[in-house]
Peer 1: 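Here it is: the structure, laid out below.
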Amino acid sequence: MNAINNLFNQPRFGVILLRWTLAILMIFHGWAKVTGGVGGIEGMLVGQGLPGLLAYGVYIGELIAPLLLLAGVWVVPAALVIAINMAFAVGLAHMTHFMDITATGGWRLELQAFFFMTALVVAFTNKLGPNKG
């Protein structure tokens, strides 16, 4: 058992793997905005009394920040931008689902919560990345 524990005692690799997974999965969401536009987000923002122009911030949270995570550049700010992006997503599109459970027993917001918490973990563990102490 010690051999397996030693083999998997790779915190730097674990942090990189988590960071890249968050980035790649978030880029898929960003690409959907590139191909489908941000009109729906703009409508939700305007409906809440916020400027529709803020909708274009989703490109920062779902494309630029994830690309920075993949490159390992400005990891903490990029991860925090993703966390803020997810907070806006929940606040604008999912607040009515906050207490919902799906038919299979999962929390309706588990994907959003997972992205949010993963972004925070990436921010808090950035020193475990490559060439860090």
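We use all heavy atoms of the structure for the numbers below, so side chains are in, but hydrogens, waters and symmetry mates are not. Computed from a predicted model, the values in this text were never measured in an experiment.
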Peer 1: Which is it for Trp107 and Phe98 under the side chain to side chain contact (heavy atoms under 4.5 Å, CB included) test, yes or no, and what are the steps along the way?
Peer 2: CA-CA 8 Å; Trp107 184 31; Phe98 201 79; 4.1 Å; yes
Peer 1: Checking Val46 against Leu50 for the side chain to side chain contact (heavy atoms under 4.5 Å, CB included) test, could you report, in this order, the C-alpha distance in whole Å, the side-chain angles of both residues, the deciding distance, and whether it holds?
Peer 2: CA-CA 5 Å; Val46 170; Leu50 296 168; over 6 Å; no
Peer 1: I need the minimum non-hydrogen distance between Ala119 and Ile82, along with the two atoms involved.
Peer 2: CB-CG2, 4.0 Å
Peer 1: Kindly determine whether Phe115 and His29 satisfy side chain to side chain contact (heavy atoms under 4.5 Å, CB included), including the steps that lead there.
Peer 2: CA-CA 11 Å; Phe115 278 145; His29 289 269; 3.6 Å; yes
Peer 1: Quick check for you: to the nearest 0.5 Å, what is the distance between Leu22 atom CG and Leu17 atom CG?
Peer 2: 11.5 Å
Peer 1: For the OG1 atom of Thr118 and the CG atom of Leu69, what is their distance to the nearest 0.5 Å?
Peer 2: 11.0 Å
Peer 1: Taking all non-hydrogen atoms of both residues, which atom of Val81 and which atom of Ala65 are closest, and how far apart?
Peer 2: CG1-CB, 4.0 Å
Peer 1: Find out if a path of hydrophobic residues (ILVMFWY) with successive side-chain heavy-atom gaps under 4.5 Å connects Leu111 to Met95.
Peer 2: no
Peer 1: Rounded to the nearest 0.5 Å, what separates atom NE2 in His94 from atom CE in Met44?
Peer 2: 7.5 Å
Peer 1: Looking only at heavy atoms, what is the nearest atom pair of Leu45 and Gly52, with distance?
Peer 2: CD1-O, 4.2 Å
Peer 1: Treating Ile, Leu, Val, Met, Phe, Trp and Tyr as nodes and any side-chain heavy-atom pair under 4.5 angstrom as an edge, say whether Leu54 and Leu63 lie in one connected cluster.
Peer 2: yes
Peer 1: Are Phe114 and Leu120 joined in one hydrophobic group, where the rule is that I, L, V, M, F, W and Y side chains link up if heavy atoms are under 4.5 Å apart?
Peer 2: no
Peer 1: Who pairs with Thr35 by side-chain hydrogen bond (donor to acceptor under 3.5 Å, both in side chains), at least two apart in sequence or on another chain?
Peer 2: none
Peer 1: Hey, could you give me the CG/CG distance between Asn2 and Asn9, rounded to the nearest 0.5 Å?
Peer 2: 10.5 Å
Peer 1: Are Met26 and Phe116 co-members of a hydrophobic cluster defined by side-chain heavy atoms under 4.5 Å apart?
Peer 2: yes
Peer 1: Start with the C-alpha distance between Val122 and Val15, add both sets of side-chain angles, then the distance that settles side chain to side chain contact (heavy atoms under 4.5 Å, CB included), and finish with yes or no.
Peer 2: CA-CA 7 Å; Val122 166; Val15 167; 5.9 Å; no
Peer 1: To the nearest 0.5 Å, how far apart are CH2 in Trp20 and CD1 in Ile16?
Peer 2: 6.0 Å
Peer 1: Which pairs count as side-chain hydrogen bond (donor to acceptor under 3.5 Å, both in side chains) when at least one residue sits in residues 53-67, sequence neighbours excluded?
Peer 2: Lys33-Glu62, Glu62-Asn85
Peer 1: Tell me, please, which residues at least two apart from Thr96 pass side-chain hydrogen bond (donor to acceptor under 3.5 Å, both in side chains).
Peer 2: none
Peer 1: Would you say that Met86 contacts Met117 through its side chain, given a criterion of any heavy-atom pair below 4.5 Å between the two side chains?
Peer 2: no
Peer 1: Let me confirm one number: the CE-CD1 distance from Met1 to Ile4, rounded to the nearest 0.5 Å.
Peer 2: 5.5 Å
Peer 1: May I ask whether Leu92 and Leu53 are part of the same hydrophobic cluster, defined by side-chain heavy atoms of I, L, V, M, F, W, Y residues being less than 4.5 angstrom apart, directly or through others?
Peer 2: yes
Peer 1: Test your reading of the model: is there a side-chain donor-acceptor pair from Asn6 to the backbone of Ala3, 3.5 Å cut-off?
Peer 2: no
Peer 1: Can you check whether Leu67 reaches Val73 side chain to side chain, under 4.5 Å on heavy atoms?
Peer 2: no
Peer 1: Which heavy-atom pair separates Pro66 from Ala23 by the least distance, and what is that distance?
Peer 2: O-CB, 3.3 Å
